[in-house]
4 protein chains.
Amino acid sequence: MDVNDAKATKRAHGLETQRALLAAAGAVFSRMAYADARLKDIAEEAGISQGSLYFHFGNKDDVARAVLSVQQERMGQVLTTVQELAGSALDCILGLFEGLADLIATDELVQAGIRLSMQPATGLEVDSSAPYVEWVEVAASILRGGVADGSMAPDLDVRAAAELLNEIFVGAQVLSGLEDKWASLPRRVASARAGIRTVLTSSTRAA
Amino acid sequence: MDVNDAKATKRAHGLETQRALLAAAGAVFSRMAYADARLKDIAEEAGISQGSLYFHFGNKDDVARAVLSVQQERMGQVLTTVQELAGSALDCILGLFEGLADLIATDELVQAGIRLSMQPATGLEVDSSAPYVEWVEVAASILRGGVADGSMAPDLDVRAAAELLNEIFVGAQVLSGLEDKWASLPRRVASARAGIRTVLTSSTRAA
Amino acid sequence: MDVNDAKATKRAHGLETQRALLAAAGAVFSRMAYADARLKDIAEEAGISQGSLYFHFGNKDDVARAVLSVQQERMGQVLTTVQELAGSALDCILGLFEGLADLIATDELVQAGIRLSMQPATGLEVDSSAPYVEWVEVAASILRGGVADGSMAPDLDVRAAAELLNEIFVGAQVLSGLEDKWASLPRRVASARAGIRTVLTSSTRAA
Amino acid sequence: MDVNDAKATKRAHGLETQRALLAAAGAVFSRMAYADARLKDIAEEAGISQGSLYFHFGNKDDVARAVLSVQQERMGQVLTTVQELAGSALDCILGLFEGLADLIATDELVQAGIRLSMQPATGLEVDSSAPYVEWVEVAASILRGGVADGSMAPDLDVRAAAELLNEIFVGAQVLSGLEDKWASLPRRVASARAGIRTVLTSSTRAA
DNA sequence: TATGAATGAGACTTCATTCAT
DNA sequence: CATGAATGAAGTCTCATTCAT
């Protein structure tokens, strides 16, 4: 059992290191642009050597990709949770925005992912605009539900409204990121709530 | 007059080079992040040597600052023009968005300025979030006019609406930038038009 | 112990490299002015890459500072040794000059330090004239001993004599440095011996 | 006559510029090492363009050489003057030191020359130690006169004494240069006077 | 004569990445 | 797993020098 214990310990230790590394990457990438972020800083923040970093990740791009993947997972999680709890589609969309805002405001790793998503052509060959397209689809899908369940205007232009919501949320992210590192994002979203509801429920020529 | 002629010629030549340099900087900064942009590329694009670049601008930061300054000037120009032409405040704000969208979609230098504004703490110690604050003020001022001239809802929450408009526009900028280098921005703005009008004119609990 | 061994080995290797680097810096800085010295030459002379140099020293200034620090240590060592051995204060001061002359004539690092000390305001913000002031104090202190132990004239103007000695020694350094890279310094000091003794022992209006 | 006048004016203007340029070079080279001095600074200090500088001097080395040449001329002038006035050889040598000290303390161009002389292998292929050898010869020649006219010890070791004097003076130059840009040189020389006289007049085993 | 503009070589420095231990 | 050491490519910037006007 000695050997197995040692192995287990090592593996546990390795996982812990990896988590620390990811958190450190989040901290650094949330503070500055990808090109300005130094692997040295990440390693230091994680309390390990630069050499070690290359054991856990292949290179700088991989680190960023890992961050992006965690971000997407966590944001997706919010979507799942909200969809389970929400009543009407309108509540769902509003709850989604609120939930994401809270997540972003408190989770450095998610902040880092957002930052990274907004700097294309940086080397990480991922099509970073992809996630945004996805979110439009998500929103459109919910809006269609809203038209169906009567919580939104029956003649809502779903496509345009979904894009508008996306723009609002992305804009709020960017502005709160610049303003105070996303601390004000929940407030911004709350403040936009009334306007959003108006757009989604006003009939005739809405959105 | 020989001497003066010579001087004038030289100065003109210099200014021309500077313009080329600025355009080149616009092209490069609009394509990639500040930290990824290479002075070599800018110089090459302008058709001059790297050394020359330092004759006209002190360093990389100065180049970026010059780009930002031109961007702000051109965007301010749109504001002025629109304010002169517009009838109601509602027309004014919608015209402003349209005008800016067209400018951004076609002017590389302005695109570069936008990119630069969104990468804080990169070295150009300018508080790059400042312009966004300014635009909220501009919007708020126009909205107050709209409440007064009756083109908007009398009980409009001006502050919240101004922030929402700003978020919409910034979000549209970011998304169109990621999607197709701002080509789709005018379309996005046009598509948001109905929603914006709804928000600004719906009474009771608007925005 | 495997791990500790590995660490120790690495550290030893690093120290060795640093020593080589310092020696190379001595060789280069002793041959030319600070501003003319190329880090490339130092790295090459030490047999490592330029990049490596920055692993051990932060920048060019740091390298120079390290050289200066070693120089001062080695020269101070001579002072200590001589003070322990010397009989009279007169023997002490003459022995000090001889010892320093021999050190300077043979130690490239010390030569480099001397060169560096004589190029003020070059970037190494150390007040490089400080060491010279120090040496005047040292000399004055010994001379006071000489007045006390009777090996020098009782009415010696200690301050003036100390300054004169300093000037002689600095002058000899500079001239031998220009003449033949300090090879002739011991000869110069030996040749000055008689004059120095005269100045220090002649009564009435000496020094 | 118009043409000649114009020519004369131009020539005069040119000479004036050249003088300004030389003074500027003196100012700059007296402040920093040759390698640190920028032609741009010299041109600015002279109030002309860098391009103009190349009309008057071929290149950076030439500027330095011009400074050195003026320095040597002015220092030689002091020698001539002193030799005409002095009574005994002892007075002559002491007067020479005093005269040179005063010149150096007040003349930036001479200060610049001194600085330049002490940075060998800088590019100006002049053997900069040559002047110092010369001055030893001058001193030796005067000392021989002193032995002859009885103002110095009859058994003076002329060679050694001359070298010692040279070292004292060079040392004083260097130290005052480092201390306060040569302002204290006259004081240093005055303070060394008594010691020098002792060395030159003490019999038996002097110098 | 004089100058504004331009150039190119080369210096210092940074940083992702690799490797022996 | 981890690290200290090392590397090399590349980037920003400086500066002596040239040239057309």
Side-chain angles (χ1 to χ4, degrees), chain A residues 9-11 13-14 17-18 35-41 43 48-56 58-61 63 123, chain B residues 2-18 35-41 43 47-61 123, chain C residues 2-18 35-41 43 48-61 123, chain D residues 10-11 13-14 17-18 35-41 43 48-56 58-61 63 123:
Chain A
T9 305
K10 261 193 190 172
R11 208 174 315 138
H13 188 37
T17 303
Q18 198 134 0
D36 284 324
R38 311 283 161 235
L39 287 190
K40 187 189 157 220
D41 296 342
I48 64 166
S49 70
Q50 252 186 100
S52 270
L53 198 154
Y54 278 87
F55 180 85
H56 294 280
N59 55 25
K60 197 180 176 184
D61 284 15
V63 179
Chain B
D2 257 29
V3 173
N4 280 344
D5 271 17
K7 272 193 182 175
T9 305
K10 260 181 284 191
R11 213 168 301 154
H13 191 8
L15 284 179
E16 200 182 329
T17 303
Q18 243 181 37
D36 283 323
R38 308 292 162 219
L39 290 187
K40 186 186 155 227
D41 296 341
I48 62 167
S49 72
Q50 252 186 97
S52 237
L53 197 155
Y54 284 89
F55 178 81
H56 295 282
F57 298 95
N59 54 24
K60 197 180 176 184
D61 283 17
Chain C
D2 259 30
V3 173
N4 280 344
D5 271 18
K7 272 193 180 174
T9 304
K10 258 181 285 190
R11 212 167 301 153
H13 192 9
L15 285 180
E16 200 181 331
T17 303
Q18 242 180 39
D36 283 323
R38 307 290 163 219
L39 290 186
K40 187 186 155 230
D41 296 342
I48 63 168
S49 73
Q50 250 187 101
S52 236
L53 197 156
Y54 282 88
F55 179 81
H56 295 281
F57 298 95
N59 54 24
K60 197 180 176 184
D61 282 19
Chain D
K10 263 195 190 172
R11 207 174 315 138
H13 189 36
T17 302
Q18 197 134 3
D36 285 322
R38 311 281 162 238
L39 288 190
K40 187 189 157 223
D41 296 341
I48 65 166
S49 71
Q50 252 186 99
S52 269
L53 198 154
Y54 278 86
F55 180 84
H56 295 281
N59 55 23
K60 197 181 176 185
D61 285 16
V63 179

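Any value given below was found using the heavy atoms of this structure, including those in side chains, with hydrogens, waters and symmetry copies removed. We name chains A, B, ... by the order of the sequence lines, and we start the count at 1 in each one.
Residues passing the side chain to side chain contact (heavy atoms under 4.5 Å, CB included) test with C:Tyr54, sequence neighbours excluded: C:Leu39, C:Asn59.
Neither OP1 nor OP2 of F:dA5 sits under 4.0 Å from any side-chain N or O of C:Thr17. In this model, the phosphate group of E:dG4 is not approached by any side-chain N or O of B:His56 to a distance below 4.0 Å at OP1 or OP2.
Note that OG1 of D:Thr17 and CG of D:Leu53 are 11.0 Å apart. Values are rounded to the nearest 0.5 Å. Note that CZ of C:Arg38 is 11.0 Å distant from CD of C:Gln50, once rounded to the nearest 0.5 Å. With rounding to the nearest 0.5 angstrom, the CD1 atom of C:Ile48 is 9.5 Å from the CD atom of C:Gln18.
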**Fill in**
Quick tally for nucleotides 7-13 of chain E: nucleotides whose base has a protein heavy atom under 4.0 Å get B, sugar-phosphate-only ones S, the rest -, giving BB--SSB

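Minimum heavy-atom separation, C:Gly14 to C:His56: O-CE1, 3.7 Å. D:Ala35 and C:Ala35 make their closest contact through CB-CB, 3.2 Å (heavy atoms, listed as atom of the first residue, atom of the second, distance).
Atom CG in A:Asp36 sits about 11 Å away from atom P in E:dA16, given to the nearest Å.
An angle of 20°, rounded to 10°, separates the two end axes of the helix from E:dA2-F:dT21 to E:dT21-F:dA2, each defined over five pairs.
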